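Quick caveat: nothing in here was measured; it's all calculated off a predicted structure.
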Amino acid sequence: MASFRRTVLGIGAILLLAHPSLAQSRSISYQSLLERLLDHRVINIVDDFLVFWDQAKDKTPGVQRRLWRRLVENRYRDYFDRAVYRTADPKMRRAMLDDFLIRVPSQIESIREFNSTIFDLRASPLIDAYFNFKVRFPEYQHRGDLYIGLSMFRFDGAVRPVQNEAGVPDTLCLGAEVLSGYTREQARIAIAHEFFHLYHFGFLFQQPEQNSPAGFRTPHMPLMIEGMAVAGAEAVYPNEAHHLYLHFTEEELAAGKQDLAQNAERFLQLIREGAPPEEYEPWFIHSHFSEAPARGGYLLGYEATKRVMGAYGLEQMIRMTPAELREHAEEQLSVMANERILLMAAH
């Protein structure tokens, strides 16, 4: 697999040399090449968004909303319904759109730049992440479409059940307006994180008890799923600063590690009580309206994953059942929580 990237780069160069006219539309050529590699469509919503913005930038909010729905949202209705709005009611959808239209002007130029490089073999964090992911996890086979989309500032990348009536998350959706504000290193780590989710879900949803999203509605599942994806991104890019894998600042990572034992005890209690999503979901977002540590679930899951990997390895963990993952999550959180008790006893 070490020659995988060189081979694909060579194919891309041959295509351009063999067809000089393609050099003028390089991004289209590389998009076609990426689609051949993935064996699935790559849908670029950003192209339509930029057409929308050129028409809407000087218009009133009401006109902007109408243009948005006609030029962007209605063309990709399933994507926005299932990947972005999800369970939001009409009032919340309107609020999300209004907030997006207020915030996005400051990102337009960076979105244009991101869109101009996303299919460039030499500069694209997406293509870099795919190549390197295939080298590290050669068994991975991409099984769904890929959207270069907008997330209304809700995510940088996510795996959603777009065009999937069963509700199984199988489609990689990128939030271009968020990724466009990242460094290239941050962007490729974020995308590798999502490729790992796709790889993991390919095994996880083969489990009989996981044939519907309801199987995710237990605290230990997002804990281990996200922790393993952090470890997966680290396996793809092993030489980056640790806070980048978790989307933390260095200060946030230091604070999270300081509170690790206490937070392990708190999250363990959520698992044992069978807490509903509204109680544990704040652990996986940046929120100022919750007592849960911002993205604290990622750090806890990553720490638990590292400890389990010491005995089993990441590839074996990918193949574990939800019941096995729960057993390991409880065991490792208990160990982390007990380390706090031992430390207190020592003083």
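- When side chains are defined from C-beta on, Leu146 does not count as touching Ile43, because their heavy atoms never get closer than 4.5 Å.
- Note on Val104 and Val51: separate hydrophobic clusters, where clusters join Ile, Leu, Val, Met, Phe, Trp and Tyr whose side-chain heavy atoms are under 4.5 Å apart, directly or indirectly.
- One N or O on the side chain of Arg160 and one on the backbone of Ala83 form a donor-acceptor pair closer than 3.5 Å.
- Considering all non-hydrogen atoms of both residues, Pro125 and Phe114 come closest at CG-CE1, 4.3 Å.
- Using modelled atom types and a 3.5 Å distance limit, the side chains of Glu252 and His247 yield no donor-acceptor pair.
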Take Tyr147 and Asn44 through the test side chain to side chain contact (heavy atoms under 4.5 Å, CB included) and record every step on the way to the result.
CA-CA 6 Å; Tyr147 282 84; Asn44 190 344; over 6 Å; no
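- Asp78 places a side-chain N or O within donor-acceptor distance of the main-chain N or O of Gln163, the cut-off being under 3.5 Å.
- Between Ser32 and Val42, every side-chain heavy-atom pair lies at or beyond the 4.5 Å cut-off.
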Check the pair Leu33 / Leu121 against side chain to side chain contact (heavy atoms under 4.5 Å, CB included), numbers first and verdict last.
CA-CA 10 Å; Leu33 177 59; Leu121 286 175; 4.1 Å; yes
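- Considering every non-hydrogen atom in both Pro322 and Met221, the closest pair reads CB-SD, 3.9 Å.
- Taking every heavy atom of both residues into account, Phe155 and Ser151 meet most closely at O-OG, 2.7 Å.
- Annotation: side chain of Trp283 is in contact with side chain of Arg266 (closest heavy-atom distance under 4.5 Å).
- In summary, Asp120 and Arg122 engage in a salt bridge, as defined by a charged side-chain N under 4.0 Å from a carboxylate O.
- Formation of a donor-acceptor pair under 3.5 Å by the Gln55 side chain with backbone atoms of Leu67 is not found in this model.
- In the model, Glu234 has a side-chain atom that pairs as donor or acceptor with a side-chain atom of His242 under 3.5 Å.
- Among Leu333, Leu300, Leu299, the single residue meeting the side-chain contact (heavy atoms from CB on, under 4.5 Å) criterion with Asn263 is Leu300.
- Looking at Arg112 and Asn115, their side chains never bring a donor and an acceptor atom within 3.5 Å of each other.
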Let's go through Cys173 and Val162 carefully: what are the C-alpha distance in whole Å and the side-chain angles of both, what is the deciding distance for side chain to side chain contact (heavy atoms under 4.5 Å, CB included) to 0.1 Å, and is it a yes or a no?
CA-CA 9 Å; Cys173 305; Val162 181; 3.9 Å; yes
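- The distance between the ring centers of Tyr312 and His328 falls below 6.0 angstrom.
- No side-chain N or O of Tyr237 forms a donor-acceptor pair with one of Glu185 less than 3.5 Å apart.
- Taking CG of Leu198 as the reference point, atom CZ of Arg143 lies at 9.5 Å (rounded to 0.5 Å).
- Within the 3.5 Å criterion, the main-chain N or O of Ile191 finds no donor-acceptor partner in the side chain of Glu194.
- In this structure, Arg93 is not positioned above the aromatic face of Phe80 in the sense of NZ or CZ being under 6.0 Å from the six-membered ring centre and within 45° of the axis.
- Residues Asp99 and Met96 have side chains not in contact (no heavy-atom distance under 4.5 Å, counting atoms from C-beta outward).
- Both Leu101 and Met92 are part of a single hydrophobic cluster, where members link through side-chain heavy atoms under 4.5 Å apart.
- Asp48 and Tyr76 share a donor-acceptor pair across their side chains, judged by distance under 3.5 Å alone.
- Under the 6.0 Å distance and 45° angle rule, Arg295 does not count as a cation-pi partner of Phe248.
- Within the 3.5 Å criterion, the main-chain N or O of Tyr85 finds no donor-acceptor partner in the side chain of Arg154.
- The main-chain N or O of Tyr140 is found under 3.5 Å from a side-chain atom of Lys134 such that the two form a donor-acceptor pair.
- Between the side chains of Glu113 and Ser180, not a single donor N or O lies within less than 3.5 Å of an accepting N or O.
- Note: Tyr298 and Phe284 meet the aromatic proximity criterion, with ring centroids under 6.0 Å apart.
- The line from CZ of Arg65 to CZ of Arg70 is 15.5 Å long, rounded to the nearest 0.5 Å.
- Of all the heavy atoms in Met224 and Met317, the pair that sits closest is CE-CE, 3.8 Å.
- For the pair Ser124/Thr117, no side-chain contact is recorded, criterion being any heavy-atom separation below 4.5 Å from C-beta on.
- Between the side chain of Arg184 and the backbone N or O of Ala123, at least one donor-acceptor pair lies under 3.5 Å.
- When atom types are taken as modelled, the side chain of Asp259 and the backbone of Gln262 share no donor-acceptor pair closer than 3.5 angstrom.
- Side-chain contact check for Arg307 versus Val335: some heavy-atom pair is nearer than 4.5 Å.
- The distance from atom CG of Leu204 to atom NE2 of His197, rounded to the nearest 0.5 Å, is 11.5 Å.
- The ring-ring contact (aromatic ring centres under 6.0 Å, His included) with Tyr199 is formed by just one residue from the set Phe201, Phe195, Phe203; it is Phe203.
- Heavy atoms of other residues, nucleotides or ligands lying less than 6.0 angstrom from CD of Gln258 number 12 at most.
- With hydrogens and angles ignored, the 3.5 Å screen pairs a side-chain donor or acceptor of Tyr79 with a backbone N or O of Leu150.
- Distance check: Glu324 CD to Arg319 CZ gives 12.5 Å after rounding to the nearest 0.5 Å.
- Inter-residue side-chain proximity for Asp47 and Ile148 is flagged as unmet; no heavy-atom pair is nearer than 4.5 Å.
- Closest of all the heavy-atom pairs between Ala264 and Ala337 is CB-N, 4.0 Å.
- Scanning both residues, Tyr245 and Asn239, for their nearest heavy atoms gives OH-N, 3.6 Å.
- If you take CG on Leu244 and CD on Glu250, they are separated by 8.5 Å, rounding to the nearest 0.5 Å.
- One finds the CZ atom of Arg188 at 14.0 Å from the CD1 atom of Ile127 (value rounded to the nearest 0.5 Å).
- Salt bridge status for Glu165 with Arg82: present, with a side-chain N to carboxylate O gap under 4.0 Å.
- A donor-acceptor contact closer than 3.5 angstrom is absent between the side chains of Gln269 and Glu265.
- Annotation: side chain of Leu268 is in contact with side chain of Glu330 (closest heavy-atom distance under 4.5 Å).
- The main-chain N or O of Glu35 is never found under 3.5 Å from a side-chain atom of His142 such that the two would form a donor-acceptor pair.
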Using the rule given for side chain to side chain contact (heavy atoms under 4.5 Å, CB included), can you reason through Leu71 versus Phe49, listing the C-alpha separation, both sets of side-chain angles and the distance that settles it, and then say yes or no?
CA-CA 8 Å; Leu71 297 177; Phe49 166 74; over 6 Å; no
